[in-house]
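What follows is a set of notes on a single structure, which appears directly below.
What you are looking at is a predicted structure, and each value in this text was computed from that prediction instead of being measured. As a basis for the values below, the full set of heavy atoms in this structure was taken, side chains included, without hydrogen atoms, waters or symmetry mates.
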Amino acid sequence: GDNMSNQEIHSFGFYHDPYAGWYTDAAGNLKVVDTDTTAYWIDLAYKVGTATIHLIYGSHETECDWAPGDADDVTQETTMYGISIPIAVAKTFLITPEYMVYDMGDLEVGSTSTDMGEYTIAGVQFQIVF
């Protein structure tokens, strides 16, 4: 059989339910969906003393032909950008302030478009390296 349960596509920002990649036909059979996903991540880093400045940008786009002949195809593109600055306080101890913005984009289902919003994560990570 097909393992359709471990895809967790929604973890990447794709919110259509059930998850992209499969559907159940009228006879109750699981069918694989024609889904195209493109993703990339860019991390530009520059070392300054004991700190390394990371400027980060990424994007994830999914286009899902939900079911053959179904007009409700699904498309969504999400983007993320931010800054992360790991600072080596000691050889085995890092402090990393971070600021990330996630734009969940527009979820397009057929001719309907819904703005999925945006959220920000900011904080400081304390890391001990063994």
Side-chain angles (χ1 to χ4, degrees):
D2 295 318
N3 181 5
M4 301 294 185
S5 299
N6 291 335
Q7 296 183 43
E8 296 298 328
I9 298 297
H10 71 284
S11 297
F12 299 101
F14 196 74
Y15 284 102
H16 196 66
D17 186 29
Y19 309 131
W22 63 274
Y23 69 98
T24 305
D25 69 10
N29 300 311
L30 290 178
K31 298 291 184 179
V32 176
V33 175
D34 178 15
T35 302
D36 297 318
T37 299
T38 304
Y40 62 90
W41 184 271
I42 298 169
D43 182 347
L44 301 174
Y46 185 76
K47 189 157 179 72
V48 180
T50 62
T52 304
I53 301 168
H54 293 265
L55 299 176
I56 304 161
Y57 180 83
S59 179
H60 174 259
E61 180 179 12
T62 297
E63 295 178 6
C64 178
D65 296 332
W66 200 244
D70 186 353
D72 290 337
D73 293 342
V74 180
T75 302
Q76 184 176 12
E77 180 177 5
T78 62
T79 55
M80 174 271 181
Y81 59 90
I83 185 168
S84 177
I85 308 172
I87 303 165
V89 177
K91 186 176 181 179
T92 59
F93 182 63
L94 297 172
I95 296 176
T96 306
E98 296 180 322
Y99 179 82
M100 307 291 174
V101 177
Y102 296 84
D103 180 355
M104 302 313 291
D106 292 335
L107 177 63
E108 298 173 7
V109 181
S111 61
T112 303
S113 182
T114 304
D115 183 355
M116 298 305 292
E118 179 177 289
Y119 64 94
T120 301
I121 298 176
V124 178
Q125 173 185 333
F126 299 90
Q127 180 178 359
I128 298 172
V129 182
F130 295 96

Side-chain heavy atoms of Ile56 within contact of Met80, under 4.5 Å: yes
How close do His60 and Ala39 get, heavy atom to heavy atom, and via which atoms? CD2-CB, 3.8 Å
State whether a side-chain donor-acceptor pair under 3.5 Å links Thr37 with Thr62. yes
Separation of Ile53 CD1 from Leu44 CG (nearest 0.5 Å): 12.0 Å
How about Tyr99 and Val101: do any of their side-chain heavy atoms sit closer than 4.5 Å? yes
Heavy-atom pair with the smallest gap, counting every atom of Asp115 and Gly105: OD1-O, 3.6 Å
Shortest non-hydrogen contact from Ser84 to Thr96? OG-CG2, 3.3 Å
Same cluster or not: are Leu94 and Val89 linked, directly or through other Ile, Leu, Val, Met, Phe, Trp or Tyr residues, by side-chain heavy atoms under 4.5 angstrom apart? no
If you count every heavy atom of other residues, nucleotides or ligands that lies below 6.0 Å from Lys91 atom NZ, does the total exceed 12? no
Return the minimal non-hydrogen interatomic distance between Met104 and Gln76, and the atom names on each side. O-NE2, 2.6 Å
Quick check: are there more than 12 heavy atoms from other residues, nucleotides or ligands sitting under 6.0 Å from CD1 of Ile42? yes
Return each pair, listed once, that meets side chain to side chain donor-acceptor pair (under 3.5 Å) where at least one residue sits in residues 100-109; pairs must be two or more places apart or across chains. none
Could you name each residue pair satisfying ring pair (Phe, Tyr, Trp, His ring centres under 6.0 Å) that touches residues 24-51, not counting sequence neighbours? none
Between CE on residue Met100 and OG1 on residue Thr120, distance to nearest 0.5 Å: 11.5 Å
Give the cluster check for Met116 versus Ile121: same hydrophobic cluster or not, with ILVMFWY residues linked at side-chain heavy-atom distances below 4.5 Å. yes
Using every non-hydrogen atom in the two residues, find where Ala51 and Ile85 come nearest and quote the distance to one decimal. CB-CG2, 4.0 Å
Across all chains, not counting sequence neighbours, the side-chain hydrogen bond (donor to acceptor under 3.5 Å, both in side chains) partners of Gln125 are Gln127
Single-linkage hydrophobic cluster Val48~Ile83, side-chain heavy atoms < 4.5 angstrom: yes
Decide whether Thr38 and Glu61 meet the rule of one side-chain donor and one side-chain acceptor closer than 3.5 Å. no
If you define the side chain from C-beta out and look only at heavy atoms, does anything of Pro97 sit under 4.5 Å from Ile87? yes
